[in-house]
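First comes the structure, then the notes that go with it.
All values below were derived from every heavy atom in this structure, side-chain atoms included, with hydrogens, water molecules and symmetry-related copies excluded. Throughout, protein chains are lettered first and strands after them, A, B, ... in sequence-line order, and every chain is numbered starting at 1.
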Number of protein chains: 2
Amino acid sequence: MTTTSRTSRPPARGTPAGAVGDPLAAALHTVAIRLLRQVRAVDRASGLSAPRLSVLSVLVFGGPRSLGALAAAEQVSAATMSRLVTALVRSGHVRRTPDPDDARAVVLTATAKGRRVLLAGRARRVQAVATVLEGLSAAERRSLDRATRALSRELAGVR
Amino acid sequence: MTTTSRTSRPPARGTPAGAVGDPLAAALHTVAIRLLRQVRAVDRASGLSAPRLSVLSVLVFGGPRSLGALAAAEQVSAATMSRLVTALVRSGHVRRTPDPDDARAVVLTATAKGRRVLLAGRARRVQAVATVLEGLSAAERRSLDRATRALSRELAGVR
DNA sequence: CATGATCGTTAGCAATGCTAACGATCGATC
DNA sequence: GATCGATCGTTAGCATTGCTAACGATCATG
C-alpha cells in the first residue's frame, strides 16, 4: 500500500522545486516520452513529415471528413490544415472532393497510396514497440496488458 | 499464455495492409500517444516552446554540457541547437560560458530561472498524468507500476 | 432576397528543422 | 615548434509548419 492519497491532491503548499507529486505518474510520463522518442525514429522511412503522417492517420483510421473537422482533430488552424492537405494532395496521398451537400466545403479522403504508406508506417512503429517489449517476462507482459487496458479506458475521450 | 512467439517475428509474409503484428505493442503505442497528447496541453503555461522546454530539460536533469552534446541529445543539428540556445540565453533560462579546457567549445548551464520554469512545467505535466490515473483501481495502479518499471528497464539506454 | 455566419484559401509573420560555408582552435605529425 | 586535417560553434539561406488577418463564396435565417 502506498502513502498516496486518493484525492487529486493539489501541489502540497510550496511545491519545493523538484518535488514529485505522484511517483507513478512521473515514471509513466518519463517512460512514455522515451518510448515515443524511440519509435518516432522509424517514421523517416515513410517519406512524410510528422504533421503529414498525423493528418493521414486521422483520415485512414477515422474516415473522410471536411477540412474544418480535420483541423479540429489535429488541433491546428484551418489555414495550416489547408496547406498540409494541399501538400498531401499534390503527393497523391489524399483526395480532395467537393462536398455534395455544401458547396463551401470539401471532403478529404485518403487514397490507396495514402492508406498503404500510413499502414506500413504504423506497422514499423508497432514493430519498434514490440522490440522494446521483447525483454519483458510473461508476467510483466500481463501487467502491461492490464495497465494498457486501464489507461485506454481512462483516455477514451482523447484524440 | 499467449500465442505470440518469443522471437521478433518478421512481418509474416505479405503483411496484408492493416495487420497488427503485436496487439499489446499496438495498444501501448496508441495509449502513449494519447497520454502525451493530453499532457502536452499544459506546456503552454510555461511560456516556452516545446523544443526549448526539451533543451532545458536536458540541462536541468542531465547537467551542463557542450552545444554539440546538447545537439546530439536532442537529435538535432548543431546549427539548430545554436539558435535554440541563443534564444534561451536571451530569455535568461540558460547561461553560456567558455569551456576552460577547449577554447572552441562552450558550456551550457540552466540558470536558476531555467530550473524554476522547467520544474514547474514538469510538475504540471506530472499532475496531468496523475489526473488520468485517478480513475484507476488500486490493482490497476499496481499493474501499471510493474509495467512502468519493466519499460523503464528496457528503455534505460534511451535519451 | 438581404444579411450575418461559416468554410476554405491566400498572404505575411515567427519558429524550427536542414545543409553549406566559415573562422577559430585543437591535436597529430613532421 | 610549424603545419595541416579535424572538430566546435556560428551564420546564411532554404523549406516546413504554426499563427492571425483578410478575403470570396456559400449557407441559413429572417
Q.
Can you tell whether the side chains of D145(B) and R149(B) come within less than 4.0 Å, N to carboxylate O?
A. yes
(Q) Both R83(B) and L67(B) contact DNA chain D. Taking the nearest nucleotide for each, which residue is further toward the 5' end? (A) L67(B)
Q.
My understanding is that only residues two or more places apart in sequence, or in another chain, count here; which of them pass side-chain hydrogen bond (donor to acceptor under 3.5 Å, both in side chains) with S82(A)?
A. none
Q) Reckon S49(B) touches a base, only the sugar-phosphate, or nothing at all at heavy-atom distances under 4.0 Å? A) sugar-phosphate
Q: Could you state the atom-to-atom distance from CD of E74(B) to C1' of dA15(C) in whole Å?
A: 16 Å
Q) Which ones in residues 103-110 of chain A lie close to DNA chain D, meaning a heavy atom under 4.0 Å from one of its atoms? A) A103(A), R104(A)
**Q.** Non-neighbouring partners of R44(B) that pass salt bridge (Lys or Arg N to Asp or Glu O under 4.0 Å), sequence neighbours left out
**A.** none
**Q.** Any pair counted as salt bridge (charged side-chain N to carboxylate O under 4.0 Å, His left out), so long as it reaches residues 78-95 of chain B, sequence neighbours left out
**A.** none
Q | Residues in salt bridge (Lys or Arg N to Asp or Glu O under 4.0 Å) contact with R104(A), at least two apart in sequence or another chain | A | D102(A)
Q) Which of residues 87-100 of chain A sit near DNA chain C, with a heavy atom under 4.0 Å from it? A) R96(A)
Q: Looking at every strand, decide which applies to S66(A) at a 4.0 Å heavy-atom threshold: base, sugar-phosphate, or nothing.
A: sugar-phosphate
Q.
T86(B): which residues meet the side-chain hydrogen bond (donor to acceptor under 3.5 Å, both in side chains) condition with it, sequence neighbours left out?
A. R96(B)
Q.
Less than 4.0 angstrom between a side-chain N/O of T80(B) and OP1 or OP2 of dT16(C), yes or no?
A. no
Q: List for me each residue that meets side-chain hydrogen bond (donor to acceptor under 3.5 Å, both in side chains) alongside S49(A), sequence neighbours excluded, and say none if there are none.
A: none
Q: To the nearest Å, give me how far apart CE (M81(B)) and C1' (dC18(C)) are.
A: 14 Å
Q) Which residues satisfy the side-chain hydrogen bond (donor to acceptor under 3.5 Å, both in side chains) test with S77(A), sequence neighbours excluded? A) T80(A)
(Q) If the condition is salt bridge (Lys or Arg N to Asp or Glu O under 4.0 Å), which residues does R153(A) pass it with, not counting sequence neighbours? (A) E140(B)
Q.
List the residues meeting side chain to side chain contact (heavy atoms under 4.5 Å, CB included) with A128(B), not counting sequence neighbours, and say none if there are none.
A. V39(B), V42(B)
Q. Where does the chain A footprint on DNA chain D start and end, counting 5' to 3' with a 4.0 Å heavy-atom cut-off?
A. dT16(D) to dC27(D)
Q | Check against side-chain contact (heavy atoms from CB on, under 4.5 Å), L70(B) and L59(B) | A | CA-CA 8 Å; L70(B) 205 49; L59(B) 292 181; 3.9 Å; yes
**Q.** Distance in angstrom units between Q75(B) CD and dG17(C) P, rounded
**A.** 11 Å
Q. Can you tell me how far P of dT25(C) sits from CG of D101(B), to the nearest Å?
A. 15 Å
